[in-house]
Amino acid sequence: MGKALGNHILVEFMNCDPRVMNDAASIERDMVEAAKKAGATVINSTFHHFSPFGVSGVVVIQESHLAIHTWPEWGYAAVDLFTCGEMDAWISFDYLKKCFSSDSYSAIELKRGSVNLLKRNDFDISSIRTKAQESWKNPDFSTRNVWFTDKDQDQALSLRFTGEVFHDVQSPFQRVRILESYKYGKLLTLDDMVMTTEKDEFHYHEMISHSAMFTLGDNAKNILVIGGGDGGTVRELLRHDSIEKITMVEIDQEVITACKKHLPQIACAFDNPKLDLIVDDGISFVKNAKPKTYDLIIVDGSDPIGPAEGLFSVEFYRNCYAALKDTGILVSQGESPKFNDKVFSELNFTLKEIFGADKTKISLFFVPTYPTGMWSFQYGIKGDLDLLKIADVAKVDKFVKEKKLRYYNSDIQIASFALPNFVKELIA
Ligand code: SPD
């Protein structure tokens, strides 16, 4: 065979570990390492996870590229190892075979750019190349481009993440991960959905807690939190001295463990003596709760897929209604009128049916790391309480200042209940 510019190995890796095949972060690490082991200089890596299955990515190297597309459901990876110069891509092949635990594979090796078929242009690029090579040799030169995506079939929110995976455990209920993003710090994901991030968690946790707490005033004594395993909601609630007891029922111990270890500024109130933390199913807890017990019930659940599905049922909210005192408030994570308008409006209809149309309210707020950024809390009210009237604004202002709140204030409380026309139509 004549001389060629490049060498291209087209690889089929079969019977691979499906979990590895669905993990953009570990595939990126393996591909970068495979390149380095073969002596390549890494310039850049871009990897993307597709929901629910699959990863595509490229590692650009000074000597060409390594690319991959995976089908985890088939335990399969299509890998291209394209190299030029002296690099031995078979070293990358051997390394990846081990990383992916592939016990069946095939490869075709092709010469690319046969010089017999090419005509060399006569210009001198050696000085340009020497200059470029200087920067490529700098160890900080390579950039990583790995994205975490929270999406449904039509829309998505992507965060570029550093590749750091602090926690990755499949609990009996869901996959619990703590990843690190460049813009929002560490984040908790459950089954590939963003739950909370270090940099914007306060939007959610301040809003889920303080509007209801200031509306109840000193009567907010006995609180029930369903879900909320990251700890942010109880952290905010416990800023209020009126509270005598919070019962928190989280189904997944793994979420608590992961957040205590990796998100301690959110999971910082679990040792508070006013908190009774129960690891159990919140749906049956509410079903068996003593009637008229709680001043406030907060449903800080995940999206209605997996273990949180029952947190959107009519029966669950009937039980919450029964467990509330005659004067009390229910606040529920209400999904997004843009991202999942159907669940959003169905929850509203459920609450209207149970609490009555004039006793149901929706508050909108912004979370940059949830798909579309527009999110809601939905309220059911029992008794004579008005979320749109703040009894003592000066008291709220003092609290906000003292506790250094960063999202909630008395103006936001009122404004958050103003709904855009399209939302009014959704719930009409
Ligand atoms: N799609 C995100 C829905 C948010 C669910 N709860 C977040 C938990 C924060 N404590």
Side-chain angles (χ1 to χ4, degrees), residues 51-52 148-152 154-159 173-179 181 184-210 212 223-238 246 248-252 254-260 262-270 275 277 282 297-312 331-344 347 362-378 407-408:
S51 188
F148 174 86
T149 300
D150 182 345
K151 65 192 264 189
D152 69 7
D154 301 318
Q155 309 177 67
L157 176 278
S158 288
L159 294 174
F173 306 101
Q174 55 210 342
R175 185 177 185 191
V176 181
R177 286 197 292 171
I178 307 276
L179 309 171
S181 68
Y184 291 96
K186 288 187 200 156
L187 58 140
L188 165 71
T189 68
L190 300 180
D191 284 345
D192 293 331
M193 293 173 285
V194 177
M195 288 298 120
T196 200
T197 81
E198 281 181 314
K199 297 281 169 66
D200 71 353
E201 56 88 11
F202 63 93
H203 296 220
Y204 183 101
H205 294 126
E206 291 183 14
M207 288 303 283
I208 201 172
S209 312
H210 300 307
I223 321 285
L224 174 64
V225 177
I226 302 295
D230 53 61
T233 297
V234 290
R235 178 198 65 197
E236 289 306 312
L237 289 170
L238 285 162
I246 300 177
M248 176 177 147
V249 189
E250 163 62 51
I251 197 166
D252 198 342
E254 197 55 48
V255 176
I256 301 168
T257 306
C259 294
K260 274 173 112 170
H262 301 289
L263 297 170
Q265 67 285 41
I266 302 177
C268 57
F270 284 123
L275 178 68
L277 175 60
I297 299 180
I298 295 186
V299 184
D300 181 10
S302 177
D303 303 284
I305 304 161
E309 208 175 326
L311 299 180
F312 290 80
V331 189
S332 181
Q333 187 278 100
E335 296 293 313
S336 164
K338 272 289 183 204
F339 187 61
N340 27 28
D341 45 342
K342 192 163 175 282
V343 185
F344 171 86
L347 177 59
I362 292 174
S363 143
L364 296 179
F365 63 105
F366 302 96
V367 182
T369 56
Y370 289 173
T372 74
M374 185 185 218
W375 221 257
S376 78
F377 292 123
Q378 302 211 23
Y407 195 99
Y408 172 88

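For the numbers below, each heavy atom of this structure counts, side chains included, while hydrogens, waters and symmetry mates do not. Indexing begins at 1, ligand by ligand and atom by atom, following the structure's order.
Proximity to W375 (heavy-atom distance under 4.0 Å) selects the following atoms of ligand 1: 1 (N), 2 (C), 3 (C).
Proximity of H205 to ligand 1, defined as any heavy-atom pair under 4.0 Å, is confined to the side chain (atoms from C-beta onward). Contacts with ligand 1 closer than 4.0 Å are made by backbone heavy atoms (N, CA, C, O) of V194 only, the side chain lying farther away.
The only member of I226, V331, I208 that meets side-chain contact (heavy atoms from CB on, under 4.5 Å) when paired with D300 is I208. The residue from L263, L179, L187 that alone fulfils the side-chain contact (heavy atoms from CB on, under 4.5 Å) condition with T197 is L187. Considering F366, Y370, F365 as possible partners of W375, the one that fulfils the ring pair (Phe, Tyr, Trp, His ring centres under 6.0 Å) test is Y370.
On a distance-only criterion, M195 and ligand 1 share no N/O pair closer than 3.5 Å. At under 3.5 Å, a nitrogen or oxygen of D303, whether backbone or side chain, sits near a nitrogen or oxygen of ligand 1. Annotation: E335 places no N or O atom under 3.5 Å from an N or O atom of ligand 1; distance criterion only. Inclusion of D300 in the set of residues having an N or O under 3.5 Å from an N or O of ligand 1 is warranted. An N or O contact shorter than 3.5 Å links D230 to ligand 1 by distance.
In this structure the side chain of F270 reaches within 4.5 angstrom of the side chain of M248, judged on heavy atoms.
With respect to atom 6 (N) of ligand 1, the closest heavy atom belonging to the protein is G301 O, 2.9 Å. Among all protein heavy atoms, the one lying closest to atom 4 (C) of ligand 1 is Y370 OH, 3.3 Å.
Formation of a donor-acceptor pair under 3.5 Å by the Q333 side chain with backbone atoms of G301 is found in this model.
Here Y204 and F377 bring their ring centres to under 6.0 angstrom of each other.
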Open item on the list: For a side chain to side chain contact (heavy atoms under 4.5 Å, CB included) check, start with the C-alpha distance between L190 and V176, then their side-chain angles and the critical distance, and finish with the verdict.
Closed with: CA-CA 5 Å; L190 300 180; V176 181; 3.9 Å; yes
